[in-house]
Amino acid sequence: MAGSGYTRPPPPPPLGEGAAPAPSAALYVANCGPAVGLTHDDIRAAFAAFGEVAGVHGADGSGVRVIVRFREPAAAEAAMSALHGRPCAGLAGRVLHIRYSVPAKPKAPVGGSLPVATSASELGVPGIYLVPDFVTAAEEQELLAAVDNRPWKSLAKRRVQHYGFEFLYEIRNVDSKQFLGELPPFVSKIIDKIMSFPGANKCTSKLVDQLTVNEYPCGVGLSPHIDTHSAFEEMIFSLSLAGPCIMEFRKYPKGSWRAPSMVSGTDKDSIEEPQCIRKAVFLPPRSMLLMSGEGRYAWHHYIPHHKIDDVGGQVIKRNTRRVSFTFRKVRMGLCDCEYGQFCDSQSNVLVYL
């Protein structure tokens, strides 16, 4: 794992075949980590009984495996002998499964490291704005209760509700002739409040007339996409409720974008995509994101499929669910934006998944 210099050892060889990793100062510890309620500080304190701990790092994105690095190999050996396969009193009696870790092979950087911004100004994508605490905790609960009292439509990995107009995933667009009715009263305060966003007061007609509510279970993200230009006008507002996530923005050169490959539930391209500019921002619960201008029309947005996110070195566990309220204005004609290479009205590209 990045930061530790060590990684998961290979599976133990069959009896009499090959050799297990040589003893080292680093241990790979399973059944241990933030996802099971153990902080890195808890783990450091428990292992410090055997010698000076140089660091505790996540072994992967699961939150249930860590790398514990000691200053001296003898300390790692003592910890292995005392704790492997046995309950650890200092870690709430959890039974740990420990092997010697192995040095990680250097990897060629893909687009460099990806720091996670905590504000739109730090993110630096034109047209992207973020307002934390856009609603109060009480308002958040009222909104969640309102949608939970209404029927959900199940998709492959998430549930949705549509108001105003339904987004038709099979054609990646809306049928502007099929009006479902006015947006529900429980979002009236939200609509009034988004008029304070930059550029919103310039709108001469109704600002939004379509709402999609998405419920994402823990660990479920969203593939890279641009909301179809011909389906919606420029300003797209997304309110995050119940749980946090990281949203990544990607700017691809013309013709380089391709659909992501899914390998064991992981978006392979999120790791192996060398042909784009990548930036990421943390979306805390109750925050409102506005995508407009270049950030809406020319940058793909994407939610990684993670259960654990790393924000500035802080491990943040995603909630059991995240619910987003996405407000948009249905476009009644063709899009004539200045980003023709990403615009389905001006080319044959398909940019929404």
Side-chain angles (χ1 to χ4, degrees), residues 1-12 20-21 23-104 113-116 118 216-221 242-246 264-266 280 282-285 303-322:
M1 186 71 176
S4 70
Y6 287 82
T7 189
R8 180 176 187 160
S24 73
L27 299 177
Y28 175 84
V29 186
N31 196 31
C32 183
V36 293
L38 303 176
T39 68
H40 286 189
D41 286 343
D42 294 334
I43 298 165
R44 178 189 289 272
F47 278 82
F50 303 94
E52 185 179 355
V53 176
V56 177
H57 308 266
D60 48 38
S62 69
V64 296
R65 292 176 283 271
V66 297
I67 303 292
V68 178
R69 291 189 301 113
F70 286 95
R71 296 291 182 190
E72 300 293 338
E77 184 178 1
M80 168 87 83
S81 177
L83 298 179
H84 174 57
R86 297 183 177 90
C88 177
L91 295 176
R94 295 200 73 81
V95 177
L96 307 180
H97 304 284
I98 306 176
R99 287 186 282 160
Y100 287 111
S101 188
V102 296
S113 59
L114 189 65
V116 178
T118 55
Y216 300 91
C218 182
V220 173
C245 75
I246 288 174
S264 301
T266 300
F282 178 60
L283 303 181
I303 299 174
H305 304 270
H306 294 165
K307 291 185 178 181
I308 300 292
D309 290 317
D310 184 340
V311 181
Q314 180 181 3
V315 175
I316 296 179
K317 183 181 178 183
R318 292 194 187 175
N319 205 346
T320 52
R321 68 170 182 166
R322 173 180 173 266

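Scope of the values below: all heavy atoms of this structure, side chains included, with no hydrogens, waters or symmetry mates.
Contact record, Ser62 with Ala35: O-CB, 3.7 Å, taken as the closest heavy-atom pair. Closest non-hydrogen pair, Pro285 versus Gly243, comes out as CG-C, 3.7 Å. Taking every heavy atom of both residues into account, Leu96 and Cys88 meet most closely at CD1-CB, 4.1 Å. Taking every heavy atom of both residues into account, Pro87 and Gly93 meet most closely at CB-O, 3.5 Å.
Take Ala92 and apply the side-chain contact (heavy atoms from CB on, under 4.5 Å) test, not counting sequence neighbours, and it matches no residue. Scanning for side-chain contact (heavy atoms from CB on, under 4.5 Å) contacts around Val116 gives Ile246, Ala280, Phe282, Val311, with sequence neighbours left out. Qualifying side-chain contact (heavy atoms from CB on, under 4.5 Å) partners for Ala79, counting only residues two or more places apart in sequence or in other chains: Leu27, Phe47, Phe50, Phe70. Residues passing the salt bridge (Lys or Arg N to Asp or Glu O under 4.0 Å) test with Glu72, sequence neighbours excluded: none. Qualifying salt bridge (Lys or Arg N to Asp or Glu O under 4.0 Å) partners for Arg44, counting only residues two or more places apart in sequence or in other chains: none.
Screening residues 311-322 for side chain to side chain donor-acceptor pair (under 3.5 Å), with sequence neighbours left out, gives Asp148-Arg321, Glu215-Arg321, Ser240-Arg322, Asp309-Arg318. Screening residues 78-94 for side chain to side chain donor-acceptor pair (under 3.5 Å) gives Asn31-Arg94 as the qualifying pairs, with residues at least two apart or on separate chains. Identified under the side chain to side chain donor-acceptor pair (under 3.5 Å) test for residues 34-43, with sequence neighbours left out: Thr39-Asp42.
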Task: From CA spacing to verdict: side chain to side chain contact (heavy atoms under 4.5 Å, CB included), Tyr28, Ile67 - done: CA-CA 5 Å; Tyr28 175 84; Ile67 303 292; 3.8 Å; yes

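Atoms CD1 and SG, from Ile43 and Cys32 in turn, are 3.5 Å apart once rounded to the nearest 0.5 Å.
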